[in-house]
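These notes concern the structure reproduced below.
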Amino acid sequence: MKKLHIVLLVFIATSIGLLISFMGNLSTYETIASAKQKEGKSVTIIARLDNSKPIEYNAARNPNYCSFYVSDTLGNRAKVEYFFEKPYDMEKAERIVLKGKMMGDVFQITQKDGILIKCPSKYTDDPNVAKKNLTEN
Amino acid sequence: MDYLGEHLLPGRIGHFFATVSFAASFIATVAYYKSASSKSVDDERAWRRLGRITFTIDGLALMGVFAVIYYIIRAHYFEYNFAWEHSSKTLDLKYLLSCVWSAQEGSFLLWMLWHFVLGIVLIFTSKKWESPVMSVLSFAQLCLATMIVGLYFWGAKIGINPFMLIRHTELFDAAPFLHEASTGMLKHDYLTYIKDGQGLTPLLQNYWMVIHPPILFLGFASTIVPFAFAFAGLWKKQYGDWVKVALPWTLFSTCILGTGIMMGAAWAYESLSFGGYWAWDPVENASLVPWLVYLAGLHTMVIFNATGHSLRATYLFIFLGFILILYSTFLTRSGILGDTSVHSFVDSGMNFQLIALITVFLVPAFGLLFWRYKSIPHIRKEENINSREFWMFIGSLVLFLSAAFVIAATSLPVPNKLFGTNLTIGDDATFAYNRIEIFIAVIVGVLTAVGQYLKYKMTSTRNLMKVVPPTLIAVILSVAISILGNIHYDRYGNGFLAAIHLAVFCAMYAVVANAMYIWSAIRGNLRNAGGSIAHVGFGLMMIGILLSSSKKEVLSYNTTGININFLPSAKQNPMENITLIKNLRTDMGKYWATFINNDSVDSRNRTTYFHVRLQKKKNQDEFDLYPNMVNTGKSPDDNVFNPDMHHYWDKDIFSYISAAYNPQQENQEDTAAFRQYTIGINDTIYYSKGYIILDGITPNPNNTRYHFSPDDTALMANMTIIDKDSMRFKANPAFYVKNNRIVPLIDTVFAQDLAISFNGVGSEKKLIFGVKESAAMVPFVALKVLLFPQINILWLGTFIMIAGFAISVFRRVKLI
């Protein structure tokens, strides 16, 4: 057996090891309903801000607590608690990716980057948003 | 039909230029291909001449396109979709330029312009390689030109035409007020309704936006040169000859791409409120991965130059590196990363074209490699285990493995899309990468250190012993850091903490060994020390990253009494923001923090600076921070926040505003009045959001707030306020008697918009209080303050690494 072969074998074995360990730590996209089934487990949901309820954020009182309601495509709703400042332009977001845990009926996010907002104003290439802006002008 | 106020000529000229560039690059590709594959010298020359001419015409036409786009933006011709979508009248001149590359079409254009510049250099320098290399480059120009040509072929639209009129887009369908009510036709004076463009998002209005994209795109564009040389080598069956010529180009590419990436990191760190320089965001990864693969390719090229080994690996790495550039273009522009990245573009309907772009390079390159694989020369005799080339090769493999891991993790949305799976990285994305990459750092660090002391072919024991002194020094230094450096990052357990300490040693090892190598082996001749210098820089970068990340601290942990949350979830609450009320010195862990004012306003940029003073409790060290708030101009409530830093040589104190009261509401009059209550101890007063309990009174208080002596006549009330969410606050209103008159000292609970005054003593041991609830906002700022220790080591390392690369480029150019 050549040295190169040994090296490649080690290399492949390491890659497989890495892959397995990485896959083991992955989480899955869930709906609000299925996230409720997996209470306490870290999951990702894609949802839409529920505009019928206000975003609760009072920085003077507590700058580390922001709560709001989201609904997913199946029509389920949940309250979200985010223990950081309100993300910029969140009201305008078309969709929101949330990473956290469902605790009871509340989806709790304890990582700062647990909210990812596809924010229309960041890259204005989104035609839907451009349309919206045009009609508002 | 004519529309009022439209300027159609620039668009026609621009589109003409785009079409010329498309056609010229097509002819250039054919001409150079003919030249490269022709048998007779005359044919070769004639075709090459045509290739040169058309390639130059292509470049000039691209400049024309760029100039027209800039003109349209500059003149604010909002009838053009590009100007309307990406610029506005209020933008600074320098940002008008960045508008061009903030768009998909614009960034492709920038890419092509750099291709042109590189192509001109190649025409002058690459001699016998010109024709085959330039065929590849012209072909790339042709492919990219399809992205901006906006032509229709048999009904299929190819590319985005940057000169599209806004009325030709679908935008107006949703705007009935622009149409005649009777006919549904567009109003002839529709332009008068379009007052201003969408503008550049304020987050991008930063000088980094002016310089980072051009540098990054130069890095992107330059990766085609080594690829083209490798491809030419296979094509012309001159398998190894190209390596020497392409080596400076690979160095250049790695240097510039690295610079571009680190500029992005510096931008994120310095002027965006991301709170860091690297977040393993898919878009960041997408540019890091090709860089790592090119780094691997660079090392195998050096091996081949010195020993003749690793040529096949070189082909693989260089091809893969360039394909990864195209793949990352696909990832960031297809919208597929939409749910995983904050930076990516949204889908612009060019996905087919982007996939085709990858395919037209991937298939020929790997097809040819597969076909010719057996004829690529290689040395039968294996590398010695004590040779430099063996360990350099291992190092390249490790870099490649690291890249493979990062791109696999970043690409998760792709299998999700293809196979309908729904996998994603958990809520701690950074750690998912860090826990793997830290071991890569360990291996790379050691290899970088020891590798320098190994000789090609075979290393004698005597030579190997030279690595002992730097090893000892590195051990001593890194143990000193481990002991004195206060690295206690135990968030992920002791295993990870141990890995950090190990990685610090390995990074230090790389720095010390390479620095001593420059001094001992090359005798300080810096001109030949490019590689070692780059390694020192790389090691320093790793030290900087390890220390600044593991010792990063949130200084603004909300330790003050006023905002402690008694909700059940309070344990989860990281409480990284602290609220500072104007002029109220607030306890912030190791510091006192005071929000002094926000009087400094730059009205031209709609920027308000918040003046915050931090005072270290221990040694009274005092400094000011001016994080600012920029209004986007759309509404008074639409603001973005930019950070400010205080630099020390060994750390940065970094702060940004998370939220602030709106100064524009400040002048609202406070019309609420005090209501009188007469209560006893342990009685309660109700207010709209909760109740107040009088816990007791303290005569002549002497504490941090009041300083009365026993001879005074003063009383302080101790009150607890509990709001409807069970949040608790303390209030201590007081009064004292002066000249037989009661002087109340009002205490305010800003969080509850509550002011309480202690007005005196009534009959039957009752006490009189006044309570005022005011709707007016209190001037406050919610701030996040972070400490980044040793961040300067990272920037210093970056500079040194880039300098090392630059030195190597010059040396290798001379060696051709």
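Residue numbers start from 1 in every chain, and the chains themselves are labelled A, B, ... in the order their sequence lines are given, proteins ahead of strands.
For the pair Glu85(A) (side chain) and Asn577(B) (backbone), a donor-acceptor distance under 3.5 Å is absent. Between the side chain of Asn64(A) and the backbone N or O of Glu576(B) there is at least one donor-acceptor pair closer than 3.5 Å. For the pair Lys86(A) (side chain) and Ala659(B) (backbone), a donor-acceptor distance under 3.5 Å is absent.
Note that CG of Leu18(A) and CZ of Phe439(B) are 10.5 Å apart. Values are rounded to the nearest 0.5 Å. For the atom pair Leu397(B) CG and Leu8(A) CG, the distance stands at 6.5 Å (nearest 0.5 Å). Expressed to the nearest 0.5 Å, how far CD1 of Ile436(B) lies from OG1 of Thr14(A) amounts to 11.0 Å. Distance check, rounded to the nearest 0.5 Å: OG1 of Thr421(B) to OH of Tyr29(A) gives 10.0 Å. Atom-to-atom distance recorded for Phe405(B):CZ and Ser21(A):OG is 7.0 Å, nearest 0.5 angstrom.
In this structure, chain A has heavy atoms under 4.5 Å from both the backbone and the side chain of Ile385(B). Both the backbone and the side chain of Leu423(B) have a heavy atom closer than 4.5 Å to some heavy atom of chain A. Using a 4.5 Å cut-off between heavy atoms, Ala409(B) touches chain A through backbone and side chain atoms alike. Residue contact with chain A, scored on non-hydrogen atoms closer than 4.5 Å, involves the side chain of Thr430(B) exclusively. In this structure, chain A has a heavy atom under 4.5 Å from the backbone of Asn639(B), while its side chain stays farther away. For Leu412(B), the part sitting under 4.5 Å from any heavy atom of chain A is the side chain, from C-beta outward, and nothing else.
Put simply, the side chain of Leu26(A) does not reach to within 4.5 Å of the side chain of Thr424(B), judged on heavy atoms.
A pairwise comparison of heavy atoms in Arg491(B) and Gln111(A) identifies NH2-NE2, 3.1 Å as the closest pair.
Under the 30°/60° scheme for interplanar angles, the aromatic rings of Tyr433(B) and Phe22(A) are found to be tilted.
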